[in-house]
Amino acid sequence: MKRANLLSQMVSDALLIACGMLVCACTAPSAFQIPFEVRTLVLISLLSGFLLSAWMHLPKLGVLPGLLFLGGGIAIGILDRKAIAEGARVIFYAVAETFSWDVSSFGIPEPVNAVAHSGAAVTSLLLAAAALFGMLIAFLLIRSKLVLLPMLIPIPPFLCGLIYTNRQPALWTAMLLTVYCGGVLLGQGLRRSGSKRSGVFSLSAVTLLIALGLLLLTAFPQRTFTPISYERRREVLGKQVEATEDFFLSWFGKKNPSEVDLGKEGAREENTERAFEIYATREGTYLLRAHSYGAYRDGTWQAAEEYNGAWRSMTALGERKDGERVYISVHGAVSSERLVPYGFLADADLDVRESFVRAQGKTSYIWAFYPDFTRDPGEIGVEELRYDSYTARQYVMFYGKEKSALLKILRDNGIEKSDDAYETAQRVASFVRASGTYTLTPGKVPNGEDFVQYFLTEGRRGYCVHFASATTALLQALEIPARYTVGYRVDIAEKETWTDVLERCEHAWTEIYLTGVGWIPIESTPGMSTVEARLNNAPPSAAPAGPAATPVPQSVFEPIVPPSEETPEPDETPEPDEAPKPDETPAPNETPEPSDTPEPNAPGNLIKPSTGEPNGTGKKNGAWWWLLLLPGIPAGWIALGALIRRRRTERFRQPNARQAVMELLRYRKKLERFGIPPDPDAEEWANEAAFSNHAMTEARRELYKRIRTVQRTLFMDKPVKRFFFRWILFII
C-alpha cells in the first residue's frame, strides 16, 4: 500500500511538472504566434516530468533519473546549439515586429526562413527553457513545504504572454495553468493531511482536472479576438502597476485611509524615527500636506467626493503667486501620497486628486513653488465658480445635532460669520487656540461623547488633531468651506542643506477655501501660527502662549558643491548664454513647469549629495514595465516578509504590556523547536500576565531583549540555513 501511494504521488507530481514546464515555455510564443512543434514539447515535457519526479522522490535511487535528465539536457544543448541560437533570433525578431523596435542597432542577423517556418529551431530553444523551469518546479513542488512558491513559477511567463502582446495566448496553455495551480493546492493539502492514500487522491484529482480541461477545450474552442493595440495595453497595465505600487507603499509607509476615526486618538508618543529628508533653497517653516478630509460625522473625518472639473484648487495658489520661487527636494517619503507644499507648480503628468496628489510609485521628487502669495482672487472664471458650488456641497454642515451644538458654542463666545471668510476663520482659530491646553497625553474621549464638542467644553486638552478638528468643524458649521488636513510641519533652519524630518513632525491643520484663490492653511494649534501668517504674505505675529514648535534636527551629509564649481556633463548642462538666471520669475501667463524634474534654472544641489543621482525624479524609462516581471516575485516576497515582521513587532510593542508579554512568550516557544532552550522565567511571566494586574513593563523589556539576542545568534554558524529561515520563511 505504501509503495502504491508513493508511485501514485510520483505520477501525479510528474504530470504537474510537465504542465508547469509547458506553461512556462509555450505561453509567450503562442501569443506572439511563433511556430513551434507542440507534440515534441508535450512528449519531452512528460518524459522530463517523470524523471524529475523520480529524482526528487527517491533521493537514494534517484541518481539514475537525475543523470538521465541532466545528461540528456546537456547533450541536446551541445548538439542543437546552432538551432537554439537560431530559435532565439526567431523569437527576437517576432517580438521586435510586434513592438515596432528598430533592430538595426542590435546587430543580430535575421533568422533563416526555412528553419524559422519549420519551428524546429524555436522548439529546441523552448525545450532548453522548459528544462530549467522544470528543475525549479520539481524542487519547490516536492521538496519545499510552502504552497505559494511552486505556484509562482509559471504565473509570470503566462502573464507576460497575456499582457505584453496584442493577441491572446493559446487556450490550452491557460487550461494547463489551471490544472497546475489546482493540482498544487490539492496536492499540498493532501500531503499536510497525513493521509496514507494522499498520493492516490492526488493522482485522481490531477487526472480529473486534466480530463475536465480537455472536455472544456473540446466544448469551447478558442475564439478569434480583436487585437488590442500595444499602446493601449501598456497604458492600462501602467495604471494597474502604479496602483499596486501605491498600495504597498501605503502599507510600509504612511497609509492615509478614506476616513479618520478620531475616537481612536489617545496619547501620542514622541516618535524620533526619520520619516524622510528634505532640501530647500530658502529657510523657513513649511507645511507639506498629504491628505485632507471634508465631512465630519460622529467623530469621524471622511474624504470628500472626487471633483471632475478643470479647476485645480490645490495648485491655484501658484497662480496667485507673489515673491520668489522656491525649490524643495523630498527624498525617501514612503507613502501612497506625495507630500506637497502650498503654491506648487503642477504639470499634466501629476495625478492631482481632490484630497491628495497620488505618489505614482515615487518616494522622491522635486517641487517648484511660491510660499508667498496674495489672497486677491483677481479675475474669477467660470470654472472657479463651478468649484465654488462644489465646495458649498462637500465642505460645510447643513443640518444635524452636531451643527446646532457647534453653533451654540460659537454664539456663547460671541463669534458670528462675517462677509470676510478669512477674518472669520482667524477668529475661530484664535478661539480654539485659547480654549485648550496643548499636551500629548489628553486621554481618550468618553464613550457616547462627540470628539470636537467634548474637547471644546470639557476636555480642553489635546494636540494638533484636536485643535484642527475643532477649528474645521466650527467653520463648517458656519458654512465656510473647510477641511481637515494632515501632513508634516517642517522647519528649515539652513537653506541648501539636507535635513532629516522625524515622524514627530507629523501635523494636522485646517484649510479654508477662498473663491478664485484655492485652499489656504489656517493654524490653530498653540505655538504654531507663524506658518499660516507667512504663507499669506502677512507679517508674522507673535506666537500665542503654548508649547513652542519642536525644531527638526538636521543631518548634513556630504558637502554640497555649488553649481558653478561642478563639472557639467556636455549633454546635460545648457550653455551659459542659454541658461536663465536663477532669480527669474515666470510671467503670470507662463505655463507651469513640471514638478517631477528640475527646471533649467533650478539649483543643482537638489540632487541628493549622498548618492549623486536625482531623487527618483523624471519620467520612468520607456521599458520599465518589461523589467517588472524580473524583480516582482522576490520584491513581493521581501515586502511580505517586511510586513510580517512589522506586524510582529507591533504586537510586541503594543500598549498593553501583559498582552505583549503573552505574544513574546508565544514567539519564544516557536523558536524552541530550532534547538533554543526554554526561557527559565517563561512560566512565571506567563502566570503573571494571565492572572495578575501588574503592568509588567520591565518584564516585557527584558523578554524582548532576550528574544532579540536569540534572533541575532540563531544559526550564525550556518549562514545558508539562517538565510532560509530569515528571508524565506520569515521566522527570525
Side-chain angles (χ1 to χ4, degrees), residues 260 262 287 289 291-297 300-305 307 309 311 313-314 316-317 320 342 354-355 373-377 380 384-435 450-453 455-456 464-486 508-525 529 531-533 535-536 538:
V260 176
L262 299 177
L287 292 175
R289 70 184 316 284
H291 206 104
S292 61
Y293 304 88
Y296 178 75
R297 296 185 181 91
T300 300
W301 285 111
Q302 299 176 352
E305 297 179 2
Y307 178 69
W311 176 244
S313 65
M314 291 180 63
L317 299 183
R320 313 299 182 214
Y342 287 91
E354 170 61 23
S355 301
F373 56 88
T374 177
R375 289 188 282 113
D376 181 11
I380 300 176
E384 290 93 324
L385 294 177
R386 290 177 179 172
Y387 189 79
D388 274 7
S389 301
Y390 166 81
T391 59
R393 297 191 308 269
Q394 291 289 326
Y395 297 106
V396 299
M397 292 184 189
F398 290 107
Y399 54 85
K401 296 181 179 179
E402 291 176 342
K403 179 178 180 178
S404 301
L406 293 175
L407 288 177
K408 183 179 184 304
I409 294 175
L410 290 171
R411 286 195 302 269
D412 292 344
N413 290 274
I415 299 176
E416 296 181 355
K417 181 181 179 180
S418 65
D419 295 335
D420 190 337
Y422 179 73
E423 179 187 356
T424 304
Q426 293 286 15
R427 293 178 59 197
V428 172
S430 299
F431 161 68
V432 173
R433 190 182 301 116
S435 297
D450 179 76
F451 183 89
V452 170
Q453 297 175 37
F455 168 71
L456 291 173
C464 59
V465 173
H466 299 72
F467 290 93
S469 296
T471 304
T472 308
L474 289 171
L475 289 172
Q476 288 187 354
L478 290 172
E479 298 186 8
I480 295 176
R483 60 188 185 186
Y484 172 77
T485 305
V486 295
W509 61 93
T510 300
E511 291 178 346
I512 65 168
Y513 180 74
L514 299 182
T515 303
V517 177
W519 293 98
I520 65 173
I522 298 294
E523 185 64 81
S524 57
T525 303
S529 61
V531 179
E532 175 264 323
L535 281 168
N536 288 277

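Closest non-hydrogen pair, His291 versus Ala303, comes out as NE2-CB, 4.4 Å. Nearest heavy-atom pair, Val465 versus Ser469, reported as atom, atom and distance to 0.1 Å: O-OG, 2.7 Å. Looking at every heavy atom in both residues, Trp519 comes nearest to Ala482 through CZ3-CA, 3.9 Å.
Atom OH in Tyr342 sits 5.0 Å away from atom CZ in Arg289 (nearest 0.5 Å). Rounding to the nearest 0.5 Å gives a distance of 14.5 Å between CG of Leu475 and OH of Tyr395. Here the straight-line distance linking atom NE2 of His466 with atom CG of Leu456 works out to 10.5 Å at 0.5 Å rounding.
Side-chain contact between Tyr387 and Glu354 is present, with at least one heavy-atom pair separated by less than 4.5 Å.
Defined by atom type and a distance below 3.5 Å, a donor-acceptor pair is missing between the side-chain atoms of Tyr513 and Gln394.
Looking at Thr510, its side chain does come within 3.5 Å of a backbone N or O of Ala468 through a donor-acceptor pair.
Lys417 is linked by a side chain to side chain contact (heavy atoms under 4.5 Å, CB included) to Leu478, Glu479, Ile480, counting only residues two or more places apart in sequence or in another chain. Under the side chain to side chain donor-acceptor pair (under 3.5 Å) criterion, Tyr484 pairs with no residue at all, not counting sequence neighbours. Glu423 is linked by a side chain to side chain donor-acceptor pair (under 3.5 Å) to nothing, counting only residues two or more places apart in sequence or in another chain.
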